[in-house]
Novice: 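I have a structure here, written as structure tokens, and I will follow up with some questions on it.
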Protein chains: 2
Amino acid sequence: MLSAGLPQGTVPKLERPGPLRERVYEALLELITIRALRPGQHLVESELAGHLGVSRQPVREALQRLNTEGWVDLRPAQGAFVHEPTEEEADQLLTVRTLLEAEAARLAAANAGTAGISALEELCAKGESAVADGDVDLVVATNAAFHAKVMELAGNVVLAELAGQVDRRVRWYYTPVARQRGIQSWIEHRELIAAIAARDEARATEVMRAHTEHTRKTYHEREAL
Amino acid sequence: MLSAGLPQGTVPKLERPGPLRERVYEALLELITIRALRPGQHLVESELAGHLGVSRQPVREALQRLNTEGWVDLRPAQGAFVHEPTEEEADQLLTVRTLLEAEAARLAAANAGTAGISALEELCAKGESAVADGDVDLVVATNAAFHAKVMELAGNVVLAELAGQVDRRVRWYYTPVARQRGIQSWIEHRELIAAIAARDEARATEVMRAHTEHTRKTYHEREAL
DNA sequence: GCTCGGTAAACTGTAGACAAAAGCCAATCC
DNA sequence: GGATTGGCTTTTGTCTACAGTTTACCGAGC
């Protein structure tokens with residue numbers, strides 16, 4: 001057992017480039033989320049391939065995956081188009097997110113230990129200071145991290161995977177909204193932590209439900225602008 | 001407008017073969033669900049390609065999709081392996097299913113019309129007679145159709161898509177269980193219809209939750225065998 | 001007898017090429 | 001003048017070929 005003598009952290013995984021399709025997938029996903037590729041736009045394989053400096057094959061495989069995850073629509077014999085979210089779909093997606101996040105909050109309340117709770121408080125403090133500094137990007141990132149942490153504490157891998165996909169798409173649809181929500185969001189986060197720390201499953205569920213519902217309300221108000 | 005003179009039904013869609021990857025995908029999924037391809041088995045691309053009479057490319061694309069949906073694990077530079085469900089994962093998956101199905105029941109109770117309710121009753125009758133006849137395959141199929149109908153009545157496309165994936169995997173894990181549940185399952189279906197018809201969202205949620213929870217209990221009892 | 005090193009086979013990852021289908025534009029006919 | 005048909009271009013769908021990596025096997029040495 002040679003490996004027993006090695007420190008675990010120093011040789012994490014011998015960072016290797018990884019499959020091309022993965023990197024193409026992430027690149028395209030990034031381009032879509034920052035709206036460099038606009039909804040409805042026709043994605044030509046050879047164009048993307050040339051632009052990324054790879055062959056068409058990895059691009060195809062990445063588009064396949066993006067298709068199954070709902071980012072692009074793959075029309076047979078016609079190609080890939082960036083998905084165009086409708087009002088109805090956005091609303092349905094948010095309904096599902098509310099459901100998944102609320103369940104995660106309940107499970108977190110049931111399972112979380114003191115270490116997890118202090119981690120949440122740390123993230124919450126980081127988010128609040130980011131709000132105070134007006135660092136919008138950091139606010140958004142920390143918000144995502146907070147929800148991810150709650151999901152992790154829930155300890156349900158399947159749920160986490162689904163919620164991860166749904167959350168990212170929600171963030172895509174509601175990017176402008178997320179930038180508006182500001183400080184109020186973090187007050188609600190504090191309430192959630194309190195409920196989880198108290199192991200109050202019902203209250204954690206309800207707080208999280210109200211929290212995500214606020215996002216939807218903000219969205220619909222935005223339409224009036 | 002020449003087409004106006006043509007009868008619509010006679011030329012439905014000129015049934016086209018459709019993309020190869022689709023058919024390969026469905027073929028592989030079928031082989032996995034009926035356990036012709038066993039969990040943990042190494043899927044060699046060229047082998048599958050030869051067996052299905054196509055090239056490796058469509059097989060690769062099908063495997064990609066199966067990977068993102070959790071049916072196979074794609075280990076880099078090593079190939080595809082049929083996913084091996086663990087006890088923990090099966091339990092988590094069932095938790096998620098309970099969540100999604102319960103929400104679907106609630107929405108169905110809120111939205112369903114008389115047409116939808118009678119459709120449910122029809123399916124229920126069909127399932128009961130199948131139980132009486134001892135036609136196990138028909139029972140399983142009708143059960144799936146019943147749940148799909150409830151999902152359709154819920155009117156949330158995003159939810160339906162997620163639940164569709166989860167349900168199919170649940171059915172894969174719990175195939176032996178489904179064959180045992182028999183008549184009791186359909187009594188619960190009747191209760192669900194009653195709750196939906198009464199537009200009682202809370203009761204519909206609870207009935208569906210209890211229903212799927214019964215499946216889990218049956219599963220754990222099975223382990224004792 | 002066991003371990004280590006080297007070699008070979010097999011499989012995946014990627015690239016390039018060819019054929020088929022869809023869309024577009026122009027020329028033609030009513 | 002408008003609609004239609006024909007051919008052309010573009011893009012996808014599929015196949016074949018090649019390079020890189022991993023795994024397994026076999027022989028030599030301790």
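Below, read A as the first sequence line, B as the second, and so on, with proteins coming before strands; counting in each chain starts at 1.
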Novice: Atom CG of B/Leu52 and atom C1' of D/dC15: how far apart are they, to the nearest Å?
Specialist: 16 Å
Novice: Does a donor on one side chain sit under 3.5 Å from an acceptor on the other, for B/Glu89 and B/His83?
Specialist: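 Yes, B/His83 and B/Glu89 have a side-chain donor paired with an acceptor closer than 3.5 Å.
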Novice: What donor-acceptor contacts under 3.5 angstrom involve side-chain atoms of residues 105-112 of chain B, with partners at least two apart or in another chain?
Specialist:
residue  : atom : partner  : partner atom : Å
B/Arg106 : NE   : B/Glu103 : OE1          : 3.3
B/Arg106 : NH1  : B/Glu201 : OE1          : 3.0
B/Arg106 : NH2  : B/Glu103 : OE2          : 2.9
B/Asn111 : ND2  : B/Leu107 : O            : 3.2
B/Asn111 : ND2  : B/Ala154 : O            : 3.1

Novice: Name the pairs: protein N/O against N/O of nucleotides 10-13 of chain D, kept only if under 3.5 Å.
Specialist:
residue : atom : partner : partner atom : Å
D/dT12  : OP1  : A/Leu43 : O            : 3.3
D/dT12  : OP2  : A/Glu45 : N            : 3.4
D/dG13  : OP1  : A/Ala77 : N            : 3.0
D/dG13  : OP1  : B/Arg21 : NH2          : 3.0
D/dG13  : OP2  : A/Arg60 : NH1          : 3.3
D/dG13  : OP2  : B/Arg21 : NH2          : 3.4
D/dG13  : N7   : A/Arg56 : NH2          : 3.0
D/dG13  : O6   : A/Arg56 : NH1          : 3.2

Novice: Treating B/Arg35 as the side-chain partner and B/Trp172 as the backbone partner, does any N or O pair qualify as donor plus acceptor under 3.5 Å?
Specialist: yes
Novice: Can B/Glu26 and B/Arg65 be said to form a salt bridge (charged side-chain N to carboxylate O under 4.0 Å, His left out), step by step?
Specialist: CA-CA 11 Å; B/Glu26 285 173 23; B/Arg65 182 165 168 195; over 6 Å; no
Novice: Decide yes or no on side-chain hydrogen bond (donor to acceptor under 3.5 Å, both in side chains) for B/Thr95 and B/Arg216, but give the supporting numbers first.
Specialist: CA-CA 9 Å; B/Thr95 302; B/Arg216 168 196 266 148; 2.7 Å; yes
